[in-house]
A.B. asks: 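Input: one structure, supplied below.
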Number of protein chains: 2
Amino acid sequence: MTGEVTKRRGRPPSGGREAILAATLELLRQRGIGRLTTREVAVVAGVSEASIYYHFNDRSGLLQAVFEEGIRPLQELGAEGGLSGPFRRELLLTLGEAIERFLDQALPILTAAQSDAELRDRLAAYMDEQDLGPHRGVLALGSYLADEQAAGRVRADVDPYAVGLMLVGTCFTRSSQRQMPTHRSELPALADIVDALVTLLRPTGE
Amino acid sequence: MTGEVTKRRGRPPSGGREAILAATLELLRQRGIGRLTTREVAVVAGVSEASIYYHFNDRSGLLQAVFEEGIRPLQELGAEGGLSGPFRRELLLTLGEAIERFLDQALPILTAAQSDAELRDRLAAYMDEQDLGPHRGVLALGSYLADEQAAGRVRADVDPYAVGLMLVGTCFTRSSQRQMPTHRSELPALADIVDALVTLLRPTGE
DNA sequence: GTCTATAGGTTGATAGAC
DNA sequence: GTCTATCAACCTATAGAC
């Protein structure tokens with residue numbers, strides 16, 4: 001996939017497109033989508049407004065491109081998400097941290113899309129098409145726990161997918177809380193949730 | 001609470017202010033804050049634009065009023081939230097349903113506020129001031145569980161606040177999912193999470 | 001308290017040269 | 001592919017009458 005530098009194939013990357021995307025994402029996080037204008041995007045990206053309309057057709061096209069790029073990491077996270085190995089504390093903690101890391105950068109985008117019905121519907125259609133959403137994490141963790149239940153390493157009298165939603169929901173809430181510029185009251189740490197889950201899921205000697 | 005019609009106390013309700021607030025909330029949910037204009041608010045409310053600026057100083061004032069009104073139910077939910085009675089399935093289920101009911105109507109507002117840095121900060125300041133946020137639910141459920149642990153009705157070897165976050169996070173995620181116009185993949189039902197929690201928290205005969 | 005009319009300022013988008 | 005220049009539309013907010 002990565003070729004030589006001597007003979008460049010295809011069009012030389014002028015970098016304009018990427019600069020626009022990066023500038024849009026930065027302004028989106030900083031000021032919010034309500035104050036995001038093509039004019040400022042052009043200034044920050046160091047290009048003209050017309051260049052934006054050349055690469056993306058209109059403002060909606062620009063935003064949709066940014067959204068899809070910002071959500072892309074979830075596909076990789078879902079692909080790598082084949083949990084394996086015996087049930088351990090570190091496994092859950094690593095998974096939870098990965099989920100929170102993704103959400104910390106994707107949640108501002110998901111909330112921004114809610115500010116415009118058209119954008120919201122288009123992003124929802126894209127997520128439907130790519131089968132993205134919180135259910136992915138729930139299913140991944142749930143099926144893993146189901147296997148561990150069959151192996152006798154996790155107590156078998158609970159719905160593994162319910163437990164999956166508990167962890168995903170924890171990450172979701174913690175990440176959402178971080179988005180608000182208020183932290184006067186802290187939520188329990190991710191490690192506390194993982195510890196509780198490990199304790200609760202340990203097979204009982206019934 | 002509902003008085004007679006014969007003798008009206010206080011200023012006669014012209015209804016203009018309330019109509020504006022209701023129209024704003026409706027348009028906010030329908031089109032998103034990005035397409036919310038004072039012009040359309042005036043049309044839907046059946047008043048003139050100037051009337052909006054009379055009651056609220058500017059667009060930001062209108063939005064902030066809508067935000068605070070939409071979040072008000074949380075204060076009541078927090079006040080009534082004094083969980084009591086022995087640990088039962090129905091107790092958790094009722095609490096979870098109340099949380100989801102609140103979030104279903106408050107989450108669109110919270111996400112809308114994220115679209116503008118100024119609005120976001122002002123709402124955050126208000127929530128700080130009123131001490132509102134997901135931690136309220138976590139603390140309420142956590143302290144209740146701690147009491148039940150002391151009473152021997154809940155297994156005592158887990159952090160009760162961690163468990164609190166699990167339930168709140170579940171409701172948060174489920175409600176967020178409902179906001180997206182896509183349901184191709186369902187999350188576990190609230191009852192499933194409650195069942196799992198009840199099973200896991202039952203005291204073991206250790 | 002509510003209206004009409006309008007000012008003032010931004011914004012998304014296009015045209016056409018290079 | 002990128003630029004400058006420009007337009008037409010729109011939106012917030014105010015002024016002043018009733």
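Below, chain A is the first sequence line, B the second, and so on; all start at residue 1. Model, not experiment: these values are computed from the prediction.
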A.B. asks: Treating Gln105(A) as the side-chain partner and Arg101(A) as the backbone partner, does any N or O pair qualify as donor plus acceptor under 3.5 Å?
C.D. replies: no
A.B. asks: Using the salt bridge (charged side-chain N to carboxylate O under 4.0 Å, His left out) rule, collect all pairs that involve residues 25-47 of chain B, keeping only residues at least two apart or in two chains.
C.D. replies: Asp116(A)-Arg35(B), Glu118(A)-Arg35(B), Arg31(B)-Glu40(B), Arg39(B)-Glu49(B)
A.B. asks: Does dT2(D) have OP1 or OP2 sitting under 4.0 Å from an N or O in the side chain of Ser48(A)?
C.D. replies: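 False: Ser48(A) side-chain N/O out of range (4.0 Å or more) of dT2(D) OP1/OP2.
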A.B. asks: If you only use heavy atoms from C-beta on, which nucleotide in dG1(C), dT14(D), dT12(D) is closest to the side chain of Ala50(B)?
C.D. replies: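 Nearest to the side-chain atoms of Ala50(B), counting from C-beta on, is dT14(D).
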A.B. asks: Rounding to an integer number of Å, can you tell me how far Leu63(A) CG sits from dT11(C) C1'?
C.D. replies: 14 Å
A.B. asks: By the 4.0 Å heavy-atom rule, please label Ile52(A) as base, sugar-phosphate, or nothing.
C.D. replies: nothing
A.B. asks: Which whole-number value in Å describes the distance from Leu62(B) CG to dA13(D) P?
C.D. replies: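 Result: 10 Å.
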A.B. asks: Look at the side-chain N and O atoms of Thr38(B) and state whether any lies under 4.0 Å from the OP1 or OP2 oxygen of dT12(D).
C.D. replies: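 Indeed, a polar side-chain atom of Thr38(B) lies that close.
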A.B. asks: Strictly distance-based, threshold 3.5 Å: is any side-chain N or O of Ser115(B) a donor or acceptor partner for the main-chain N or O of Ala112(B)?
C.D. replies: yes
A.B. asks: So what does Gly61(B) hit on the nucleic acid, given a heavy-atom distance under 4.0 Å: a base, only sugar-phosphate, or nothing?
C.D. replies: nothing
A.B. asks: Arg59(B) side chain: which of dG12(C), dA13(D), dG1(C) is closest?
C.D. replies: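 The closest nucleotide is dA13(D).
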A.B. asks: Does anything in residues 83-98 of chain B pair up under salt bridge (charged side-chain N to carboxylate O under 4.0 Å, His left out), and if so which pairs, sequence neighbours excluded?
C.D. replies: Arg88(B)-Glu90(B), Arg89(B)-Asp195(B)
A.B. asks: If only side-chain N and O atoms of Tyr53(A) are considered, is one of them under 4.0 Å from the OP1 or OP2 phosphate oxygen of dA13(C)?
C.D. replies: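 For Tyr53(A), the contact criterion (side-chain N or O under 4.0 Å from OP1 or OP2 of dA13(C)) is met.
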A.B. asks: Rounded to whole Å, how long is the line connecting atom NE2 of His55(A) with atom P of dT2(D)?
C.D. replies: 4 Å
A.B. asks: Counting the atoms with a prime plus P, OP1 and OP2 as sugar-phosphate, which does Arg39(B) contact under 4.0 Å by heavy atoms, base, sugar-phosphate, or nothing?
C.D. replies: base
A.B. asks: Which nucleotide sits closest to the side chain of Thr37(A): dA13(D), dG12(C), dT2(D)?
C.D. replies: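 That would be dG12(C).
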A.B. asks: Between the side chain of Tyr144(A) and the main-chain N/O of Gly85(A), is any donor-acceptor distance below 3.5 Å?
C.D. replies: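 It does hold such a pair.
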A.B. asks: How large an angle, rounded to 10°, do the end axes of the helix from dG1(C)-dC18(D) to dC18(C)-dG1(D) enclose when each is built from five base pairs?
C.D. replies: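 Taking five pairs per end, the axes differ by 10°.
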A.B. asks: Tell me whether the side-chain N/O atoms of Tyr54(B) come closer than 4.0 Å to OP1 or OP2 in dG1(C).
C.D. replies: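 Yes, Tyr54(B) has a side-chain N/O under 4.0 Å of OP1/OP2 on dG1(C).
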A.B. asks: Any side-chain heavy atom of Ser175(B) within less than 4.5 Å of one from Arg178(B)?
C.D. replies: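 Answer yes - side chains close enough.
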A.B. asks: Do Tyr161(B) side-chain atoms and Ala146(B) backbone N/O form a donor-acceptor pair below 3.5 Å?
C.D. replies: no
